[in-house]
Amino acid sequence: MTAGSVATSTAHPASVAVLDQIAGYERPTKRDEAWRYAPHSQLAQLSFGPPHTPAPPLPGDVEQQIPAIEGPTIVIVNGVFDSVHSKLGDLPTGLVISSLAAAATIEPERLDRHFPPMAHDAFMAANLAFGTDGAVIRVGEGVCLQTPVHIVDILVPGEDHNGSCTGVVIDLGPSSSATVIETRIGGSSADQEVAGGSNVRTTITLAASASLEHIVLQDLPRSLVHLGAVEVTQAEGSEFLGRSFNIGASFGRMAYQVELVGDGARTELSGLFFGRGEQVLDQQITVVHGAKDCVSTQSFRGVLDDQSVGVFNGGIDVRPGADGTDATQSNANLLLSNRAEINTQPRLEILADDVACKHGATVGQLDETALYYMRSRGIPAEEARRLLINAFADQTLEGVGIETIRDWVIQRLGHTDD
Amino acid sequence: MLHVENLTASIGGTPILKGLDLSVGSGEVHAIMGPNGSGKSTFAHALAGREGYEIGGTAVLDGHDLLAMEPEARAAAGLFLGFQYPVEIPGVNNMYFLRTALNSVRKARGEDEVSARDFLAIANEAMALVEMKQDFLHRAVNAGFSGGEKKRNEILQMAVMQPRLAVLDETDSGLDIDALRVIASGVNSLRGPDRSMIVITHYQRLLDYIEPDFVHVLVNGKIVKSGDRTLALHLEVNGYADFVDGKNEVDGHSLSGATT
Ligand SMILES: Nc1ncnc2c1ncn2[C@@H]1O[C@H](COP(=O)(O)OP(=O)(O)OP(=O)(O)O)[C@@H](O)[C@H]1O
Ligand SMILES: [Mg+2]
């Protein structure tokens, strides 16, 4: 393929079909519950199109934003696999990593779950139609990966369309286990800020008794938008640990749709969103209990400063027959400014018997007495605030074993100068 | 060392401190006693810089105009307040908190920060002083501590911070007899010619352990009587009846130890 050509020739058939229909999908509006707090005027500026190969060179400051995580790394720039920056040598046996475009050419039928024939909104349609490249990670039966796999998605807004679409497919075979980190960042090649957005859709399939830890670090520049969607399907006895750190972008959206289809599957979603300036950070979660004795938790914390807006829209659907369901949901928020706003809403639909379902939300401010206590010990006000914010956020880092990620998040929390 | 003149403090227009005068010399220990609600803690917090008061008058520590300073600057100037109600800070590690506090004041004074290793030695020495178990250092600040453990932690902090002036607000309340002895001996070992203390207490018993140079009676926002430690003995027997209800002067015959 030559520079500047359009990479549609390798697309999955469903992708081509959605592309034909793309004009028929209307963008969501404020009336759509799942998009109620989105800045629609910014979204209106986004334009999506087929990816251009090869990927453009990276602006200087982007590379150093990538957390230094040991292990295989696959880099995607503007929706195109970047072989220069990816590190895919010496993969352990049982781990296969390829670009999505290559996988679509070689064995498109294995991507049917990632490419359904219909989208449920215009941004998903754009992703299906234009997200023809990205990353595919497959872990074989019984394989337990010792090092995490790192997927780095980078947006450098281009000239003819400013949005990029990436597809990520993660398949874990029976009784396998892995950790996958998705870092989502961006930069601009121009001197001034340009509009743009990345649209990343991840589909995860966990076979029986498979176990995946999946971490999203969303830290795009605040001139850009991020639309993230993670769709998970879990077979019996599988375990999904999903953690999201939704920190960057003017509008950062993290949507999870988890389908518990096998008995005894467990899913644990947690996340931190930390907004400043006029950021809008939106978490849209739905966990569907479609089998017996599944356990799910959703535990999200928001820290909102300045005029930022947080959204937590958490759904639990317990389908008929999903007896023995245990589902909990919590959303705790810390408002650092009286202009900051949190919109938190549980959506519960329970159609089975013998279901334990708990949910709760809290909104608080920094504890003035604790601030004073620390200051009386000589700790400057700013530092005292930082300590309290970190203490609040720390719960979302519990159990994160990778030091680099903990440090990255804590460092980003202390970051106030951008 | 500390000179307080005509200090007033009100909350939402309600006067609490009504013109308080107090001078504390280097190395002196002053006890303040007074009925509930008389303004003892308010005095301590006015010195430490809690927000929410309308403040008047002056308070000068070693030439620093305390009332014009932020709480953290007051700490850097050498003030330490042992809280009557120490604050729980879940999620903030006690050791980290202490080290941050110490290094913050050192930094403010232009001194080198203490390394993690050197700090451990300082902390261990302070822990031994108040007979505190090591694991308290690794817990969150005061979170889930018993009342007495919190008070111990206050003195531990004082031992680490090595202040010029320590104001101890009812550090003895809620302590069992053994803990009282431990804490008192900890406090005594921190006494020295360069360190002054203001000890707020309801119980003369504490003053058996920590012998004050002066005792003051604070009633209704003012110091109405000052004397030596026999004044505390008088209060123990007679209570504050002699001083309340506007009777700021007491008949000489019943009052021993009064110097004013
Ligand atoms: N935030 C507040 N709003 C209104 N009144 C207050 C406030 N804080 C303190 N006060 C009042 O100020 C007075 C003095 O309180 P302070 O805590 O200084 O008393 P104290 O002498 O320390 O009493 P104690 O011996 O019970 O500790 C009390 O009447 C109290 O109710
Ligand atoms: Mg008091």
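As the structure is a computational prediction, the values presented were derived from the model and not from experiment. Letters A, B, ... are given to chains in the order of the sequence lines, protein chains preceding strands, and every chain is numbered from 1.
- Of the residues considered (A:D367, A:T369, A:I379), A:I379 shows the highest number of contacts with chain B, using heavy-atom pairs under 4.5 Å.
- When heavy atoms are compared at a cutoff of 4.5 Å, B:I89 approaches chain A solely by way of its side chain, counted from C-beta outward.
- Ion pairing between A:R375 and B:E51 holds under the 4.0 Å rule for side-chain N and carboxylate O.
- Residue with the most contacts toward chain A among B:A140, B:G91, B:A101: B:A101 (heavy-atom pairs, distance under 4.5 Å).
- In summary, B:R164 and B:D62 engage in a salt bridge, as defined by a charged side-chain N under 4.0 Å from a carboxylate O.
- The residue among B:T100, B:L102, B:N103 with the most heavy atom pairs within less than 4.5 Å of chain A is B:T100.
- At a 4.5 Å heavy-atom cutoff, the contact between B:F97 and chain A is made by backbone and side-chain atoms alike.
- Side chains of A:H359 and A:T328: no donor on one and acceptor on the other come within 3.5 Å.
- Heavy atoms closer than 4.5 Å to chain A are found nowhere in B:R74, neither backbone nor side chain.
- Look at B:R99 and B:E113 and you find no salt bridge, because none of the NZ, NE, NH1 or NH2 atoms lies under 4.0 Å from a carboxylate O.
- Proximity to chain A (any heavy atom under 4.5 Å) is restricted, for B:P90, to the backbone atoms N, CA, C and O.
- Between A:R385 and A:E382 a salt bridge is recorded (basic side-chain N to carboxylate O distance below 4.0 Å).
- Interface check for chain A: of the options B:S104, B:A76, B:P163, the most heavy-atom pairs under 4.5 Å are formed by B:S104.
- Contacts between B:V141 and chain A at a heavy-atom distance below 4.5 Å involve the side chain alone, from C-beta outward.
- When each of B:R106, B:H45, B:R50 is scored by its heavy-atom pairs under 4.5 Å with chain A, the top score falls to B:R50.
- A:R377 forms a cation-pi arrangement with A:Y373, by the criterion of a distance under 6.0 Å to the ring centre and an angle within 45° of the ring axis.
- For B:A48, the parts sitting under 4.5 Å from any heavy atom of chain A are the backbone and the side chain alike.
- In summary, A:E383 and A:R386 engage in a salt bridge, as defined by a charged side-chain N under 4.0 Å from a carboxylate O.
- Per-residue counts of heavy-atom pairs under 4.5 Å with chain B were compared for A:L387, A:N390, A:D394; the largest is that of A:L387.
- For the pair A:R253 and A:F251, the cation does not sit on the ring face, since its NZ or CZ is not both under 6.0 Å from the ring centre and inside 45° of the axis.
- Salt bridge present: A:R412 and A:D219 bring a charged side-chain N and a carboxylate O closer than 4.0 Å.
- Neither the backbone nor the side chain of A:A384 comes within less than 4.5 Å of any heavy atom of chain B.
- B:N142 touches chain A through its side chain: at least one heavy atom from C-beta onward sits under 4.5 Å away, while N, CA, C and O do not.
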